[in-house]
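What follows is one structure encoded as structure tokens, with my remarks underneath.
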Amino acid sequence: MKQIETYLSFISGSERFAVNVMQVLEVLQKQAVTTLPNAPDTIVGVINFRGDIVPVYDFRKVFNFQNRTEDKKHAILIFAIENDDETTHVAAATDAVKDVLEISSELIKPLPQFGYHFNPEFIKGIYMADGLSYLILDVNKVFNIVEMNTVNKYMESNDLNTETNNTPLI
Amino acid sequence: MIDFTEFKDKYIQDAALLLDSLESDLLMLGKNLADKSLADNIYRYLHTLKGSGGMYGFDKIVEITHQLEHIYKLIQEQEIVLNQAIIQLSISTGDHIRNLLSDTDLVQKTNIENQKNIISRIAEILEEHQISPDSAHHTNSTTPDTNSSLFEVHFFPDENISKRNLNLINVMRDIFMLSECNISLQQNEKGEYWCIKFLKPCTREQVEDALFFIVDDCEIIDIQASGNSKEITTKQEELHAIAEMPKAGESLIINTHEAASKSNRLQVDISRLNTLSFLVSELVTSKSALFTGIHERNMEIISQSAERIDKISRQFHANVLTLRLVPLKDLTLKFKRLIHDLSIKLNKKVDFITQGEETELDKGIIDEISLPIMHIIRNCIDHGLDTPEMRQLQGKTETGIIKLFAYKSGNFVFIQISDDGKGIDTRKILSKAIEKGLIAPDSKPTEKEIFNMIFLPGLSTAEELSEISGRGIGMDIVKRKIQDLRGEIYVDSEKDLGSIFTIKLQQNISIIDTMLIQCGNSKFAIPVEDIENFEVGHRIDFWVNASATFQYKNEILPVVNLKKFLNIEESDNLKTKLIIVNKYSKRFGLVVDRIIGEHQAVVKPLRKSFRHLSYYTGASTLGDGTLAFLLDVNKIGQLSEVKQT
């Protein structure tokens, strides 16, 4: 069954990605991001979006790109992520936001077996047009996995017993 | 295509409210069995639940309310005398119906059990009074009007129904009062609709009256007139369709709805909404004035409007906070129910007195304070109050008193829970505390200090660990929960007179007075109540492992370098600012780069994904749009302690 869906493309590192427009809530061009000290590497900072404190992920760090260009002013995409019946907002900083594309589902090809140095679970497939290749991103998977990893990594590296007894001094 | 699930969700919420009224009236009826109007209320609630349950496919609810309302009908007709057993059964049925609301297809085993048990208990009661369970409700023997006929109504709801905020349960109630109905969801070429078959002959006017609010969306079909000889299931057939009733003897699995059922809805005072509307209109006016000023480059108008807008914002803020306020009264039903259940279980007679139920608290706090209060009440009934016999021996009335007294003072709300029991036995507590090694054997604590020992974890002096209050894990968790809400709890007691627990809470949790500080390029906020003092200008040398100490008021305090703690890059700042913080009686010093000033923080929570950064309790937006992060100094202290060892 052929379905044509609308995608938004953006650039991060040297790769071109495309994300289903239904999952993108907003694009912020000139947003100041507040750094959150001691936050994990993948997070650039947080922003106040519609009354909610939303973490801003750095796609370059999420995908572990080797060649990191200078930190320029980012374009921030706000995604709506589904997680167990809950919809949360997550933000990601990209290098540049590009065009809107109409992609037919039958034109999305599966990823080759190897040749990519990041988690293939994040990618639904590849779309090629006009000599450019777009990686179709599964945003839900990306952020659910990333969030799990950050928490797990913390749990491993710190065996702090944070539940110390709070006996008040009499 | 209408989304029936939306109606179903609303129905579930409305049904829950109906069940609350049912429970409340049952508790009152239990204390006054002869009250006819209360008994009538019960019948009506059950009747409404039955009819509307059928609309949404809750067949089991229909089945069980049908059985129970039969009993109340017989009570109305004085064929059965109401007694405590029936009241208790009705209360359990209410609980069961609540469970059924979330288990439409009756999958849960306990629900299947309870359904069977309740139905068999009802059959027992009917047997006792020699009434066969199959006897239908008497259809009114009034001769039907010559104009009356049997009608079938096709109700096609459209989006406007939910927009009009129509309470379908009430509409259905009017219909059921008129006649018993058979309702089913059907579909024809016009779409999905509810087919309401009236089982009793009525006149067209009666039907249209009953359908008053939805008559525009209904097709009324006269069955007899159109000669449609549709099969009309009689009451008898319905009853035969109900499942076989097993023999009695199994005890009911009573599930009280203890788990605080938090709903996401609020009832708001109209006057507060009116103020809100007024403020909105003022804002619009001021905004226009502002733009006019800008357009005409008139500084005076601009600054006037800006000032006006500032004033309006403050009022908005205050007003919106009041919208979230909920009276304690909303919790009293739960407390009444708890006391009712406990007095039966523990064989104690208890009267519940409330004063100041109208006192309001932020909805967020109300949701969280419910369990701690219930636990305190449990404690009072279990450990504080004596059995009626003991009380008589002491010259007290047989019935003990639990009193809930709430009042507002300044920005705080005080909730007092007291009992007139035997008071806290200080000798017992002291010996248990020494036995468990919680204090040194030779220490001589004051009476007040001993009272406070009940908040220590692991303390329980109950001879047999009662299954209700359990192993003394209770009170320290209660204290912790209250402290999490930025509140406090105190206890006072006198032998043979009773005990008083006082909970002090802030009226709202989302606004905290803080001190804004800066470290590197990041700003942080520390709640003012956690700050004891400031020391500026001292030179603090940190050891290699980033630890340091500082002498303060005859005490050597540990010092934490906040920048190091948060892994912020160091800069050479010799003039350090030291904040002495004090939380849960633990003091230490915090070194920061800059103390900016006071800030009234509107706290927004951080994501769950930041949960592991436990020292951040939230963030607050500053005037320039950036965020300041709220710090939990207690956590910082704890984590620094561990880092050192």
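Sequence lines set the chain letters: A, B, ... in the order given, protein chains first and strands last, and positions in each chain run from 1.
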Residues A/Asp58, A/Arg60: salt bridge by 4.0 Å N-O rule: yes

Heavy-atom contact with chain B under 4.5 Å, split by part of A/Ile47: backbone

Validation row: B/Asp530, B/Asn582 side chains within 4.5 angstrom (heavy atoms): no

Contact class of A/Val54 relative to chain B, heavy atoms under 4.5 angstrom: both

Whether A/Phe143 and A/Phe79 hold their rings parallel, tilted or perpendicular, with breakpoints at 30° and 60°: tilted

Residue B/Thr626 versus chain A: region with a heavy atom under 4.5 Å: both

Residue part contacting chain A, namely of B/Ile568, when any heavy atom lies under 4.5 Å: side chain

Electrostatic pair A/Arg50-A/Glu26, nearest N-O below 4.0 angstrom: yes

